[in-house]
Colleague: 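Take this structure first; my questions come after.
So that the names make sense, note that chain A is the first sequence line, chain B the second, and so on, each numbered from 1. Since the structure is predicted, the reported quantities are computational estimates derived from the model, not experimental observations.
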Protein chains: 2
Amino acid sequence: MWLRMTKTLERREKLRVDLIRAAEQMIAERGLAGLKTRDLAREIGCANGAVYNLVTDVDELVLRVGSRTLHRLDEALSAAESAGESSPQETLVRIAIAYCDFAAENLELWRALFEHRMAADKVLPDWSVNDQLQLFRHIYHPLAQLFPKRSQEELGVTARSLFSAVHGMVALGLEQRLVAVPLPALRKEIANLVRAMIDGLVARTK
Amino acid sequence: MWLRMTKTLERREKLRVDLIRAAEQMIAERGLAGLKTRDLAREIGCANGAVYNLVTDVDELVLRVGSRTLHRLDEALSAAESAGESSPQETLVRIAIAYCDFAAENLELWRALFEHRMAADKVLPDWSVNDQLQLFRHIYHPLAQLFPKRSQEELGVTARSLFSAVHGMVALGLEQRLVAVPLPALRKEIANLVRAMIDGLVARTK
DNA sequence: CAGGAAACTTGAACAACGTTCAATGAATTT
DNA sequence: AAATTCATTGAACGTTGTTCAAGTTTCCTG
């Protein structure tokens with residue numbers, strides 16, 4: 001009896017995957033605000049209301065796309081972490097540049113990660129929270145090499161600060177609103193400031 | 001003939017001011033997404049459609065509120081710039097902390113500055129762009145003292161980078177989504193990283 | 001001051017949105 | 001083959017921002 005239901009279940013699962021893919025593409029092309037359930041339904045070939053059989057909310061849909069984005073970002077940072085020379089300083093610089101490049105190449109999807117706000121009463125699902133926390137681990141390892149005396153919590157705080165600082169530079173740097181900063185200049189500035197931050201942190205803890 | 005029109009003009013002007021004030025309060029209380037024209041109209045005592053006699057768009061309304069927020073932020077940063085001892089390093093730290101405090105105390109209004117996205121085809125009015133560029137000047141002066149050899153453009157770039165880095169720490173630090181960072185800890189981390197950045201930048205240019 | 005012209009205000013109406021749900025249709029069991 | 005259970009549909013609802021013909025008020029002129 002249970003095995004016989006696979007027909008509809010498979011169909012549903014395929015549709016759900018299609019839906020998330022379509023949503024991803026739509027956000028990439030038209031931004032988070034350009035995501036419309038009716039267009040999605042037309043895209044994957046189902047009724048408007050059917051979207052809510054695959055996903056409870058647009059919120060959930062955005063979070064699912066966000067999860068995919070975060071995983072791709074994670075891969076990009078992983079690659080930057082292992083590639084090249086292994087001095088902790090330069091590893092951190094590579095990671096920062098990789099973050100910048102990823103944001104530039106996936107602008108709307110990356111923006112959606114931060115632009116999206118859910119209703120205050122709804123809570124983030126666990127899988128989404130975990131996705132986000134994984135990001136800091138890339139910074140954590142090189143930092144641990146640089147500051148062997150620091151505790152786990154201290155390193156976590158520093159990792160978060162460094163990540164946030166780079167994030168800020170990327171976020172405001174890629175903003176078209178003000179003067180558009182050319183990407184190469186932005187990369188250079190990021191590398192510069194990351195090196196300065198690390199130098200400063202190292203000198204400061206001696 | 002022109003002087004006779006003051007009756008309606010005054011009324012309009014008063015209404016416009018009321019509208020912006022009401023919008024400001026509404027954003028502060030309910031966030032940018034909680035801003036509704038019908039509620040605004042009820043608040044200031046006019047018809048729903050009348051909002052569009054005072055302002056062409058909600059976009060313009062948000063920008064006008066943003067302008068007010070930016071001016072208050074400017075004052076807060078000015079106060080931090082002049083108060084206390086005058087070593088450039090500590091001045092920059094004070095400015096960063098002031099930025100953090102302002103964001104925390106004006107959370108939704110400050111968020112609205114960055115969350116708001118206009119349709120891609122519409123262009124930012126000049127007054128809005130100018131408002132934003134003014135912010136960097138607070139950082140510019142202490143930086144110029146620290147790096148007397150640098151050109152105006154170089155200083156501008158560095159000022160922007162520093163501002164962006166602090167902005168990132170504040171933005172991610174005040175995000176409730178992930179682990180909520182207690183404000184005192186955030187302030188401490190910001191002060192720490194700003195000092196490190198400056199130390200690093202100074203050491204790096206020698 | 002009268003009365004027509006000009007300008008302003010109004011709220012009903014429109015289009016677009018996310019979301020719901022009775023009704024239709026398909027799949028599974030008996 | 002009939003009955004029952006479940007999935008899908010698209011029309012309908014409640015909210016949005018925005019528009020605009022109609023109604024009011026204000027203004028200028030004779």
Colleague: On DNA chain C, check which nucleotide each of Thr37(A) and Ala47(B) is closest to and give me the residue with the more 5' one.
Modeller: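 The 5'-side residue here is Ala47(B).
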Colleague: Quick one: Lys36(B) NZ to dG14(D) P, roughly how many Å, whole number?
Modeller: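 Nearest whole value for this atom pair: 17 Å.
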Colleague: Please give, in whole Å, the distance from dT19(C) C1' to Leu61(A) CG?
Modeller: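 Roughly 14 Å, once rounded to whole Å.
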Colleague: Check for me whether Arg64(A) meets the cation-pi criterion with Trp127(A), that is, NZ or CZ under 6.0 Å from the six-membered ring centre and within 45 degrees of the ring axis.
Modeller: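 Verdict for Trp127(A): a cation-pi partner in Arg64(A).
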Colleague: Tell me whether the OP1 or OP2 atom of dT9(C) has a side-chain N or O from Arg12(B) closer than 4.0 Å.
Modeller: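 The answer is yes; a side-chain N or O of Arg12(B) sits under 4.0 Å from OP1 or OP2.
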Colleague: Return the CG to CZ distance between Leu77(A) and Arg72(A), rounded to the nearest 0.5 Å.
Modeller: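 It is 12.0 Å, given to the nearest 0.5 Å.
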Colleague: Starting the side chain at C-beta, find the nucleotide from dG18(C), dG17(D), dT9(D) nearest to Ala50(A).
Modeller: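 Side chain of Ala50(A) sits closest to dT9(D).
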Colleague: CE of Met118(B) versus P of dG17(D): gap in Å, rounded?
Modeller: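 Rounded to whole Å, this separation is 17 Å.
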Colleague: Without decimals, in angstroms, what is the distance between Leu19(A) CG and dT8(D) C1'?
Modeller: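 After rounding, the reported distance stands at 15 Å.
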Colleague: Rounded to whole Å, please give me the gap between CE in Met26(A) and P in dG18(C).
Modeller: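 In whole Å, dG18(C) P lies 10 Å from Met26(A) CE.
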Colleague: Hey, is the side chain of Asn48(A) pairing donor to acceptor with the base of dT9(D) inside 3.5 Å?
Modeller: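 A donor-acceptor contact between them is absent.
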Colleague: Please give, in whole Å, the distance from dC13(D) C1' to Tyr52(A) OH?
Modeller: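 Nearest whole value for this atom pair: 13 Å.
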Colleague: Roughly how far, to the nearest 0.5 Å, is CD1 of Ile20(A) from CG of Leu15(A)?
Modeller: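 Taking CG in Leu15(A) and CD1 in Ile20(A), the distance rounds to 11.0 Å.
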Colleague: In whole angstrom, give the distance that lies between atom CG of Leu54(A) and atom C1' of dT8(D).
Modeller: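 These atoms are roughly 10 Å apart.
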Colleague: Can you check salt bridge (charged side-chain N to carboxylate O under 4.0 Å, His left out) on Asp39(B) and Arg42(B), steps first, answer last?
Modeller: CA-CA 5 Å; Asp39(B) 293 344; Arg42(B) 196 177 316 126; 3.4 Å; yes
Colleague: At 4.0 Å (heavy atoms only), tell me whether Leu35(B) reaches a base, stays on the sugar-phosphate, or touches nothing.
Modeller: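 Result for Leu35(B) = sugar-phosphate.
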Colleague: Tell me whether Glu108(A) is salt-bridged to Arg111(A), with the criterion being a basic N under 4.0 Å from an acidic carboxylate O.
Modeller: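 Yes, Glu108(A) and Arg111(A) are salt-bridged.
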Colleague: For Cys46(A) and Arg38(A), take the nucleotide of DNA chain D holding the closest heavy atom to each; which residue's nucleotide lies nearer the 5' end?
Modeller: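 This one resolves to Cys46(A).
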Colleague: Report yes if a side-chain nitrogen or oxygen of Asn53(B) is closer than 4.0 Å to either non-bridging phosphate oxygen (OP1 or OP2) of dT9(C); otherwise report no.
Modeller: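 Yes.
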Colleague: Output the rounded distance in Å from CG (Leu32(A)) to P (dC17(C)).
Modeller: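 It is 14 Å, rounded to the nearest whole Å.
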